[in-house]
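Ligands are counted one by one from 1 in listed order, and the atoms in each one are counted from 1 as well. Each residue takes its place number in the sequence, starting with 1. Below, all heavy atoms of this structure are taken into account, side chains as well, without hydrogens, waters or symmetry copies.
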Amino acid sequence: MTQKLWQIEEFPFHPERLNHYETLFTIGNGYLATRGSFEEAYKGGISTTMVHGIFDHAEGALVPELVNAPNWLPINITIDGTPFQLINQNDSTLKPKNGAVVGYRRILMLDKGILRREVLFRAESGSIVRLVFERFASLHDEHLMVQRLEITAVDGNPQIEIKSSIDSDVSNVGIKHWGDIQAEAGSSYTSVSAKTIQSGYGIAMASTLRATSNKANVEFTTRNGQPSANTHFQLQQEDSIEFLKLTSVYTSRDGDNPLQSAVAKLGEAASATYESLVTPHINEWATYWKTSDVQIEGDEGSQLAVRFTQYHILIAAPRHDDDVSIGAKTLSGTGYKGHVFWDTELFILPPLSLGQPKLARNLLMYRYHRLAGARNKAKANGYEGAMYPWESTDTGEETTPSWGDPQPDGSRIRIWTGDSEQHISTDIAYGILQYWRYSGDNNFLQQYGAEIVLDTAVFWGSRVEWKNERYELSQQIGPDEYHENIDNSVFTNRMTVWHLEQALALLEWLKTNAPADAERLTTQLDLTPKRLDHWRDVIAKMYIPFDEDKQIHVQFPGFFDLEYIPVPHYEPRTMSVQAILGHHRSIQTQVIKQADVVMMTALLGDELASKDVLMNNWNTYYPRTDHGSSLSPAIHAWVAARLGLDDLAYYLFEHAAEIDLKDNKGNVKDGIHGAASGGLWQALVFGFCGLHITPDGNVAVAPRLPKHWKQVSFTIYFKGKEQEFTITNTP
Ligand code: IFM
């Protein structure tokens, strides 16, 4: 496989795609992530570093958000008095004093987690320098951020000045979260420490800059309250100089004295070379790729897209912390305020459950640690058990905003998902049981996972309503969020039945395999025979909306009475059909936002219904879906592949693959679509390859590869052992 199938490239500079590329070129290590903003900054850039777990609720804001940390990137360079900066060649106001960019290339090395930028820059004096920047967030030592800068005098003997700093004057799109900011220069480093204003989390960064040869002395000073590392020197033509900037980051979540830890970490790295830092980092990446890569022969675009999406999941997944989780936009942007949705358990988690079980376990433990919040939510709503919030942060309380951002006319739309999108509790149970079945991690299940699955089942047992001689669920939002507060969402009702069935089976499994845990949980969660009989009754008598004549599941009763709008008639389009019709009209139509009945098909497969019914469902719901959510195309690709709709499956897979790389929703500036990334892997592995657990407890494939693919290979962990699959396409 060639190197280019491991690289995302920008060539030449695309100022019009500045924010898009900032997101794509995010680097990270599961502790923090930093967008691909430039060392010298650029007007309109959204420079952001997110550290897992650091949330703050600003005064006047509706909800808390993940905080943009101080910016550790700044390196400002002056060449013969001309400040180095990138230039938009179409900018008519440019002057000779701005210098000129005469060459530019940037690559993200997905296999190594390194971002590299090469620039040829001509100063006003005529001197030309070649600048090579590299940066990575060490995977070997998660508190260490590394930048390398190489400057070569290509033409002339330039005088060069460098100023390196940490910028603490940062915000989340204008909202300031840091107070108590202290910035200092020591004898060999600069540091910044600060505290979030409402939540009181502390952060500290310490940074040093050194020339790796003795051609330049670096001084650490404070001017106008701004500490920085400064150096100046002359380079002779064809001569080069290399600098290493190391920044260490700690928060109060890591210990009592983040500043002391950050300074000590820099001390440990005092004699490190770039080589000695990058080698263990690259080696660590290689171990992750062993079970996270999927090799596709015969389709370079798909190959690169799958690696790109897996890279973004890997840089967001916490390695050594089981008290944080991955938000909808990973750590690569401020979209959805860093909140955790069902995106994590049903979309992002599966590639980790099968490829990196230790990381998957961390994510599930985050939910375990938030059982108290889920129990509070159930109680506050008059229910028993654990009812997880639709949007979750550090506290585990519901953090979905109740109102949207102001519309052009100043009005705000009520957001009901925090009240009504209750399927999240079952989605978490699904993620736990899938993780357990593939990993064989009985310890997790017995100690932690079972409590979640059972207590969320307790919630559903108390939530269902006995009406019309059957059990019903009113006021729900299924995955299709265009239709709010509906009664009897078929997705929610059917998945509740599945959940209660699984809970009963799990209790039986515990009684046989871990009787002490079965007893403990039975007492703790009050799993009386009466309660279990009630669950059985719900399973038998839950209302599952189904049209016997048409042999289809009905998304919810009354759905087909709404106005029918043939979504394909709006193609080609750059907006969702909802945006074209407007919120108020679209909710009165049959336009569906994302896989809903189709989502249920992906999750339950043949267990849901006969092949004929599944196909009828597809033929009914696919033409009504506008994929207004990025979660939709990959799930459709997966189901289409299982239904044998090969061409359509590939078309939808390509659509999913392009969501971030091509920014076809126009919102990648807000961050990577984490769920679409995990969905792409599932479309590939569960859809095209048909990976599944057989009734006798083994793992097997049932391939339906796109016709032009030659081969797909991947390795997963199954019950603690690596298992390799190679599927060759037979024409
Ligand atoms: O969780 C999703 C939801 O399904 C659709 N709207 C965006 C959310 C966050 O990605």
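- Residues passing the side chain to side chain contact (heavy atoms under 4.5 Å, CB included) test with Ser302 are Ile296, Asp299, Tyr650, Phe653, Trp709, sequence neighbours excluded.
- The pair Asp394-Arg370 fails the salt-bridge criterion, with no side-chain N (NZ, NE, NH1 or NH2) lying under 4.0 Å from an Asp/Glu carboxylate O.
- Each side chain to side chain donor-acceptor pair (under 3.5 Å) pair with one or both residues in residues 665-675, not counting sequence neighbours, appears once here: Lys329-His673, Asp660-His673, Asn667-His673.
- Under a cut-off of 6.0 angstrom, the local environment of OH in Tyr383 is crowded, with over 12 non-hydrogen atoms contributed by other residues, nucleotides or ligands.
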Pairs under 3.5 angstrom, nitrogen or oxygen on both sides, ligand 1 versus protein: list them out, please.
| unit_1 | atom_1 | unit_2 | atom_2 | d |
| --- | --- | --- | --- | --- |
| ligand 1 | 1 (O) | Trp342 | NE1 | 3.0 |
| ligand 1 | 1 (O) | Asp343 | OD1 | 2.6 |
| ligand 1 | 4 (O) | Trp342 | NE1 | 2.9 |
| ligand 1 | 4 (O) | Gln594 | NE2 | 3.1 |
| ligand 1 | 6 (N) | Glu481 | OE1 | 3.3 |
| ligand 1 | 10 (O) | Asp343 | OD2 | 2.5 |

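- Judged purely by distance below 3.5 Å, without hydrogens or angles, the side chains of Thr417 and Glu481 never pair a donor atom with an acceptor atom.
- Within the structure, the ring-ring contact (aromatic ring centres under 6.0 Å, His included) test picks out the following pairs touching residues 406-426 (sequence neighbours left out): Trp342-His423, Trp390-His423, His423-Phe491.
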